[in-house]
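Notes for the one structure printed next.
Everything quoted here is computed from the prediction, not taken from an experiment.
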Number of protein chains: 2
Amino acid sequence: MRKRSVTINEVAREAGVSISTVSRAMNGTAFVAEDKRRAVEAALERLGFQPNHLARTLTSGRSMSVGVLAEDIVSPYYADVIRGIEHALLDTAYQPVFNSGHWTRAYERRAIDTLISRRVDALVLLGSTLSDAELREVAEQVPLFVFGRLVPGLEDHCLALDQFRGAYGATRHLIERGHRDIVHIRGPEAQQDAEDRLRGYQAALRDNGVTPDPRLLVTGDFLEQTAYQATTRLIEGLVPFTAIFAGNDQMAVGARLALYRKGLRVPDDVSLVGFDDLPGTAFTSPPLTTVQQPTYAIGQALAAHVLSRLEGVASPLPQFELRVIVRDSTARVLRGFPGVAAR
Amino acid sequence: MRKRSVTINEVAREAGVSISTVSRAMNGTAFVAEDKRRAVEAALERLGFQPNHLARTLTSGRSMSVGVLAEDIVSPYYADVIRGIEHALLDTAYQPVFNSGHWTRAYERRAIDTLISRRVDALVLLGSTLSDAELREVAEQVPLFVFGRLVPGLEDHCLALDQFRGAYGATRHLIERGHRDIVHIRGPEAQQDAEDRLRGYQAALRDNGVTPDPRLLVTGDFLEQTAYQATTRLIEGLVPFTAIFAGNDQMAVGARLALYRKGLRVPDDVSLVGFDDLPGTAFTSPPLTTVQQPTYAIGQALAAHVLSRLEGVASPLPQFELRVIVRDSTARVLRGFPGVAAR
DNA sequence: CTGTTAGCGCCTTCAA
DNA sequence: TTGAAGGCGCTAACAG
């Protein structure tokens, strides 16, 4: 099945030159006489030569590839970051190599090790479950860049967004529209982002004279199902509310379905805000107000930054801001129809 | 930044043995005296040795990796296939390496070439824009497996689903519920899947005595936006309809938003069917009736098949069926309220 | 400009 | 059981 692939030696013989000449002609490393160059090219063509990348890397020390390790390569949250990276690298000499860490230390460690042992020229982490110290250790073996964490000692290579402010803005948006009884469906306890968003929510409430009501705080796992269940329970409960701030878009979708099933309209009865602005969120019915993480731009910037570091230029990583995108899922509280609060 | 990594030579020196002994002790390739083995292990540990995978592959010829090239690695359609592959490979000695072809010949060719030149032990294509002949050529260089295409000559390594039958079933589902004026939003002309689904739709209509109405056929690009626009135009047009069969879930979501904006209820006024059953589709409001592609299982099966071929065992690829998943977006046509048809 | 010659880090005979 | 030595395929000095 696998044809033994042709090597540079055979090309050299075919072209009647030495292997170094072939190498030079191929890579433009040095000038080669016109006729020999043509002979080499012809031989290359005739034999269908494809250089063995491994061998090349072994000698040159550069693999022309950048490893990208995401917590989960297929999560919609990382989708646009990955897309941004892909596009930024598309017409460069570097190839991205993607892999998942599956939110699991052991798998992440292993993935990092294989990536390093495959000699990627740089490593980009989209989220990480490793400790700061471990990451610093990794950074000694390979140029490391991380998104979603601010690793002390590696600040120049880290890009994190202010989740607190994003959540603060989202909550304030609801407060400005008259909401005071605002549910928050938070993400998993263990995750820093979930924690930051919760604090942003609480701070916004307090800054506006609202005491956070623990009965309006429920926990999900960043997926639709748990939010659906939590919201259903909330609706069936006794505590009135007029708005829901979900810890991410997927949970907002789950909440929205629960509302729908209970005959509650969005935004007429309950306003709903998500977080992330995933691809597709603009097309929910109604389109969801959410906090946009500029993930595509981040992916691009990250890749561009990696490239420039690889070329020896030290460009600083740009700053990115979270933005509340107001769409149709949030409305002013109608005094006459306070929705759930009035039942 | 990059510490020169320790090589097998240093380990050998440290352990006071030859490099061959280190190699053997590490890989269990041959018996090594107990004391030397321990010395090697200690040295390995002390130096934090990590074998250079490239060098290893160069000599052994096996990279212990399988390349996975998807048209688009971040498309939700491939998400579950990829997830299935990842999970199936997770605790094996093989590592998947993912990459995108971007629906573009040139990029796909290049990605395939780099994957081959990195000596992946097998190559899995999730969709492909290359010709059958080109794929056969690739198959001569590396064990090739493809999902979504039936390549003549490579049938044993191909896995494709019967899109025609899926679309047929979806359309019949609507017909059985009394619908006759059924819109179809087809995917791009160039794509075989879109073509097959269209034919399934038309066949189901004809088999049930309905002549396909060209005015009810519109074209999208498998994304939300175009379906949204097409549906809006349709609603504003003069041709009555009671149901929409979208070429995929994303277009169904677009259509659903258009209906929502026009005040049309799903399924009360218009029934809606999608295709794919993407992750998340079960949580749209209302949950979408759709045709399920068992993508996760396919990913797993594909990976398992690749593994067994790599081990020299010839297991046949299992067959998979498309299934109509009936959820809440489709209902019987109410004679009294034929929805749009009655305006 | 071009050919020869060392390696790159590892595995694997081949002798011992 | 172990070490020496020869590649794997390619790049990069080093002489011409």
Side-chain angles (χ1 to χ4, degrees), chain A residues 2-41 43-44 47-65 93 113-114 116-121 141, chain B residues 2-40 43-44 47-65 93 113-114 116-119 121 141:
Chain A
R2 191 193 277 268
K3 259 194 303 207
R4 225 191 53 61
S5 36
V6 342
T7 76
I8 197 174
N9 285 292
E10 308 170 40
V11 177
R13 195 175 326 125
E14 176 84 11
V17 298
S18 77
I19 61 169
S20 0
T21 301
V22 175
S23 173
R24 289 191 274 254
M26 260 174 25
N27 305 315
T29 325
F31 273 93
V32 173
E34 186 58 21
D35 55 330
K36 304 216 173 192
R37 224 205 53 230
R38 267 214 287 279
V40 169
E41 270 163 15
L44 248 33
L47 269 43
F49 175 72
Q50 282 191 236
N52 180 329
H53 204 273
L54 305 182
R56 183 174 271 183
T57 302
L58 193 59
T59 43
S60 73
R62 310 190 67 187
S63 67
M64 303 312 286
S65 68
D113 286 349
T114 47
I116 290 180
S117 71
R118 280 163 211 263
R119 293 296 182 268
V120 290
D121 295 325
Q141 302 180 58
Chain B
R2 189 194 278 268
K3 258 194 307 208
R4 226 190 52 63
S5 37
V6 341
T7 76
I8 197 174
N9 284 293
E10 308 170 38
V11 176
R13 194 175 328 123
E14 176 83 12
V17 298
S18 76
I19 62 168
S20 352
T21 302
V22 175
S23 172
R24 290 192 272 253
M26 261 175 23
N27 305 315
T29 325
F31 272 94
V32 173
E34 185 59 21
D35 55 331
K36 306 217 171 188
R37 225 205 52 230
R38 266 213 288 278
V40 169
L44 248 31
L47 269 42
F49 175 71
Q50 280 190 239
N52 180 327
H53 204 273
L54 303 183
R56 186 173 268 183
T57 302
L58 192 58
T59 42
S60 73
R62 309 190 65 186
S63 68
M64 303 312 286
S65 68
D113 286 350
T114 48
I116 290 179
S117 71
R118 279 162 211 267
R119 293 297 181 267
D121 294 326
Q141 302 180 59

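Judged purely by distance below 3.5 Å, without hydrogens or angles, the side chains of B:S18 and B:T21 pair a donor atom with an acceptor atom.
Rounding to the nearest 0.5 Å places OG1 of A:T59 at 10.5 Å from CG of A:L54. Rounded to the nearest 0.5 Å, atoms CG (A:D113) and CZ (A:R118) are 11.5 Å apart. To the nearest 0.5 angstrom, A:S63 atom OG is 9.5 Å from A:R119 atom CZ. Taking CG of B:L44 as the reference point, atom CD of B:Q50 lies at 10.5 Å (rounded to 0.5 Å).
With a 4.5 Å cut-off on side-chain heavy atoms, A:V32 and A:V40 do not count as touching. B:R56 places none of its side-chain heavy atoms less than 4.5 Å from the side chain of B:M64.
Screening residues 12-31 of chain B for salt bridge (charged side-chain N to carboxylate O under 4.0 Å, His left out) gives B:E14-B:R46 as the qualifying pairs, with residues at least two apart or on separate chains.
Reading DNA chain D from its 5' end, the first and the last nucleotide to sit under 4.0 Å from a heavy atom of chain A are D:dG9 to D:dA13.
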(request) Would you mind building the protein contact string for nucleotides 8-16 of chain C? One character per nucleotide, 5' to 3', B for base within reach (heavy atoms under 4.0 Å), S for sugar-phosphate only, - for untouched. (result) BBBBBB---
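For the side chain to side chain contact (heavy atoms under 4.5 Å, CB included) test, residues two or more places apart in sequence or in another chain that qualify with A:I19 are A:I8, A:N9, A:A12. With sequence neighbours excluded, the residues satisfying salt bridge (Lys or Arg N to Asp or Glu O under 4.0 Å) with B:R37 are B:E34, B:E41.
Note that the two end axes of the helix from C:dC1-D:dG16 to C:dA16-D:dT1 enclose an angle of 40°, each drawn from 5 base pairs, rounded to 10 degrees.
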